[in-house]
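Single-structure report; data block below.
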Amino acid sequence: MNKINQNGERKRLFMSGVLILLLTLGMVIDEGDYVTHKQISTTVYLQVYSAFLVLLVYIVPFFFLIKRLCRKYRLSGFVLMIAVACGALIPAAFAGEINDSFTSLMRHLMGRAYSDAWLGSLETGVVEELLKLLTVSLLVYLLRWKSASEYLSIGMSVGLGFQIEEDISYITESGFKHVSGAFPAAFDRLLGALGSHWAYTGLAAIGLYLIFQTHRDHHMRRGMFWIVYVMVNHFLYDSPIGDVNLFFALLNVALILPLIVFLRDDDKKDPMRLLRKDE
């Protein structure tokens with residue numbers, strides 16, 4: 001048993017090193033979202049950065065939700081804040097690099113036949129959700145968290161970090177081109193904040209829990225269903241379909257409603273029963 005424990009600790013130590021490495025690389029990559037090579041004044045920087053305050057409209061309520069979950073499930077708020085940071089610095093950074101590389105490659109291979117609206121949206125939905133789930137998997141492994149509520153909380157926190165970083169990148173991209181574009185970009189991102197990455201990753205993390213922790217074939221199939229469900233929703237949201245107001249609203253309902261059902265479940269011993277209709 002001692003040898004097994006030692007091997008387990010070595011694996012966790014190694015994975016901790018991987019996490020630190022990814023965080024460091026993510027910080028280097030994300031630096032480009034906060035600074036520009038253009039010669040602009042400090043005043044312009046402050047004007048652009050001030051648009052970040054708009055994001056507090058969804059950040060503050062989310063932290064109240066996290067506080068409630070911490071109290072209800074006896075979770076560590078500090079750990080969930082680390083998860084938010086990991087979401088901002090790991091999947092958000094690498095997803096941007098992969099998405100840009102994929103777009104460049106496909107445009108080179110397909111030329112005018114390449115459609116970023118459809119093929120690019122599909123790639124984005126798959127890549128971003130996989131990267132966020134890998135981050136969730138790494139965190140629950142290092143923390144040894146095993147309950148459904150822990151998976152959900154980590155998932156929503158990682159998703160929120162991703163969402164904040166992505167919104168900041170859109171704000172600065174617009175603001176550094178024309179400073180007057182910073183606040184319109186911030187408000188545009190706010191419109192999509194209700195059913196965004198915090199909800200995607202939270203729901204996908206439930207699927208991850210069913211796969212890793214239940215050890216039953218039908219639960220694993222359900223887990224895969226929720227992960228694919230999120231990817232499809234994300235793809236449709238980014239595609240031209242998501243530009244239609246009615247479909248935009250329906251995609252939000254289809255994403256958030258399962259999370260509301262879960263969050264209303266007060267039975268800590270079997271919080272996943274609402275997702276397992278065959279039992």
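Positions are given from 1 along the sequence. These values consider heavy atoms only, across backbone and side chains, with no hydrogens, waters or symmetry-generated copies.
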Using the rule side-chain contact (heavy atoms from CB on, under 4.5 Å), only one of [options] pairs with [X]; which is it?
X: Leu69; options: Glu150, Arg74, Met156; result: Met156
X: Leu22; options: Leu19, Thr24, Val18, Ile20; result: Val18
X: Leu236; options: Leu122, Leu250, Ile241; result: Ile241

Go through the steps for Ile206 and Leu259 under the test side chain to side chain contact (heavy atoms under 4.5 Å, CB included), then give the verdict. CA-CA 9 Å; Ile206 292 175; Leu259 288 175; 4.3 Å; yes
If we ignore hydrogens and angles and just use 3.5 Å, is the side chain of [X] paired with the main-chain N or O of [Y] as donor and acceptor?
X: Asp167; Y: Leu190; value: no
X: Asn99; Y: Thr124; value: no
X: Tyr49; Y: Tyr34; value: yes
X: Ser169; Y: Glu166; value: yes
X: Ser239; Y: Ser121; value: no
X: Trp118; Y: Pro240; value: no
X: Lys38; Y: Phe176; value: yes
X: Thr172; Y: Asp33; value: yes

Is Glu9 salt-bridged to Arg144, cutoff N-O under 4.0 Å?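 Yes, Glu9 and Arg144 are salt-bridged.
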Measure up the [X] and [Y] rings against each other and bin them: parallel (under 30°), tilted (30 to 60°), perpendicular (over 60°).
X: His197; Y: Phe162; result: tilted
X: Tyr229; Y: Trp226; result: perpendicular
X: Phe262; Y: Tyr73; result: parallel

Is there side-chain contact between Ile90 and Leu131, with heavy atoms separated by less than 4.5 Å?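 No; the side chains remain at least 4.5 Å from each other.
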Give, for atom OH of Tyr58 and atom CG of Leu160, the distance between the pair rounded to the nearest 0.5 Å.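 Here the interatomic distance stands at 6.5 Å.
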Go through the side-chain N and O atoms of Tyr200 and Glu128 and say whether any donor and acceptor fall under 3.5 Å apart.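 Absent: no donor and acceptor within the cut-off.
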Aromatic ring proximity, centroids under 6.0 angstrom, Tyr237 and Phe247: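 No, they do not, as the ring centres are separated by 6.0 Å or more.
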Out of curiosity, does Val126 fall in the hydrophobic cluster containing Met110 (side-chain heavy atoms, cut-off under 4.5 Å, transitive links)?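 In one cluster with Met110: Val126, no.
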